[in-house]
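Written out below as structure tokens is the structure these notes cover.
From a predicted model like this one, the values you see are computed outputs, not experimental measurements.
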There are 2 protein chains.
Amino acid sequence: MAYGYKIGSLPLTTVQRLPSYLRVVREMRRLGREVVSSARLGELLGLEAVQVRKDFGFIGITGMPKMGYQVEELVLAIEHCLNWNQVRDAVLVGVGHLGMALLGYEGFRAHGLDICAAFDIDPSLAGLVVNGTPVWHMDQLESELRRLDARMAILTVSPDAAQDVALRLARAGIEGIWNFTGCPLDLPPDVIVQDQDIAIGLAVLSAKLSSRT
Amino acid sequence: MAYGYKIGSLPLTTVQRLPSYLRVVREMRRLGREVVSSARLGELLGLEAVQVRKDFGFIGITGMPKMGYQVEELVLAIEHCLNWNQVRDAVLVGVGHLGMALLGYEGFRAHGLDICAAFDIDPSLAGLVVNGTPVWHMDQLESELRRLDARMAILTVSPDAAQDVALRLARAGIEGIWNFTGCPLDLPPDVIVQDQDIAIGLAVLSAKLSSRT
DNA sequence: GACTGTGAATCTATTCACAGCG
DNA sequence: CGCTGTGAATAGATTCACAGTC
């Protein structure tokens with residue numbers, strides 16, 4: 001199985017660290033700082049300096065001996081890797097508690113994401129506008145998707161609806177599904193599924209707590 | 001750095017897979033199924049059968065050749081590893097969109113978690129009861145924590161408050177912090193911090209999407 | 001001297017190959 | 001057979017050691 005170690009030419013683990021690098025270097029840019037060393041970044045993020053340098057090497061960034069890396073260059077390179085420099089449209093399906101929370105989250109724009117439409121099976125939600133995003137009934141899913149040009153969907157429906165809805169999204173041409181349902185999805189291999197299972201984090205924390213007793 | 005490979009005697013990666021095993025075997029128990037093979041579990045979860053067997057070996061479960069593993073035994077063993085068989089109290093700090101969503105999430109009880117109190121800086125939220133959980137003002141944090149016996153805190157405050165609030169929690173005796181703020185926390189090493197950064201999942205999905213073009 | 005950059009070594013996780021058992 | 005269990009091999013990630021550069 002697996003086969004998920006490399007994303008393009010980047011190691012998965014490097015990609016997973018990019019958001020935290022980006023947060024820090026964006027903050028540094030805001031403060032007017034122009035260069036930063038791998039040691040300083042490592043200290044702020046709890047990483048070895050050499051790991052920071054390796055990661056930057058992978059994304060094609062080269063620093064200056066004695067000085068460090070240029071903050072602006074880092075921001076642009078990381079944004080480019082993640083495609084977070086341009087805003088992409090996404091739809092959200094399942095406007096329950098979690099879906100509502102994600103609709104209210106202001107941070108997505110900084111990550112290049114604009115939720116342009118939401119869908120729910122509950123007819124009483126249709127017509128609502130949540131934080132600027134219109135909510136439609138599930139019946140409108142295919143027709144709205146034809147109108148919009150969203151490549152990505154955020155899936156926050158209940159577990160028992162997950163597979164069916166995911167299949168509808170795939171058939172409607174959605175290329176990537178960010179899956180918050182906790183269920184594994186079985187879809188054609190050209191659809192990229194990213195599972196976001198909150199239970200994993202809780203499991204790790206629980207296990208650490210119970211092993212320390 | 002790092003040093004985070006083993007949790008007690010279990011590999012981190014094994015612990016990360018435990019929640020998905022648990023979900024499936026609980027469902028099988030509900031359906032009255034008594035045994036299951038590693039091959040079947042692997043198929044359902046997208047894992048190699050041998051990996052399933054290795055994981056079960058780590059948590060001390062032994063199967064029967066030709067038959068497979070006992071579903072009931074698996075449920076109990078995994079719940080035990082994660083301490084999800086008993087309910088533990090937790091507090092939630094930061095009742096914004098995300099905090100509200102987590103308070104509304106019914107699934108925590110199945111994961112052994114009961115959010116017994118929530119806190120927010122906004123005085124207009126104090127006195128509210130959200131899905132059975134009372135909300136207090138931040139001023140009450142220390143005094144309420146003295147009254148309750150929560151070992152774990154869910155941190156959903158804004159990034160700029162994260163470090164300060166985390167420190168207050170640590171000083172009040174909280175042993176584990178589930179950190180949704182996206183900021184790294186700098187705390188005494190006896191406090192266990194589990195970062196739950198939603199941006200990581202989005203980064204991986206974004207990178208996969210942009211590498212497929 | 002103070003950094004970066006990188007091959008080599010180490011450590012971890014996954015996968016293979018096959019022995020053992022009912 | 002049809003399964004589990006496990007040592008050996010492979011692949012991947014991190015860390016070490018040190019050469020190179022301003």
Over how many whole Å does the gap from Ile61(A) atom CD1 to dC3(C) atom P extend?
-> 19 Å
Rounded to whole angstroms, how far apart are OH on Tyr5(B) and C1' on dT10(C)?
-> 10 Å
Between dA13(D) (C1') and Leu47(A) (CG): distance, integer Å | 13 Å
When the nearest nucleotide of DNA chain C is assigned to Phe58(B) and to Arg53(B) on a heavy-atom basis, which residue is associated with the more 5' position?
-> Phe58(B)
Flag the pair Arg26(B) and Glu79(B) as a salt bridge only when some basic side-chain nitrogen lies within less than 4.0 angstrom of an acidic carboxylate oxygen.
-> yes
Please tell me which of Met64(A) and Thr13(B) maps to the more 5' nucleotide of DNA chain C, matching each residue to the nucleotide holding its nearest heavy atom.
-> Met64(A)
Between Lys66(B) (NZ) and dG5(D) (P), how many Å, whole number?
-> 16 Å
Can you check whether any acceptor in the base of dT15(C) is under 3.5 Å from a donor in the side chain of Lys54(B), or vice versa?
-> yes
Is any side-chain N or O of Ser38(A) closer than 4.0 Å to OP1 or OP2 of dT4(C)?
-> yes
If you check every side-chain atom of Pro65(A), which of dT12(C), dG20(D), dC21(C) has the closest atom?
-> dG20(D)
Among side-chain atoms of Thr133(A) and Asn131(A), is any donor-acceptor pair under 3.5 angstrom?
-> no
Under 30°, 30 to 60°, or over 60°: which ring-plane class applies to Tyr105(A) and His111(A), parallel, tilted or perpendicular?
-> tilted
Return the value, rounded to whole Å, for the distance between atom CG of Asp55(A) and atom C1' of dT15(D).
-> 13 Å
Using a distance-only test with no angle check, is there a side-chain donor-acceptor pair under 3.5 angstrom linking Ser206(A) and Asn83(B)?
-> no
Does Thr62(B) make a side-chain N or O approach to OP1 or OP2 of dG5(D) shorter than 4.0 Å?
-> yes
Take the protein atom CD of Gln70(A) and the nucleotide atom P of dC3(C), then report the distance between them rounded to whole Å.
-> 16 Å
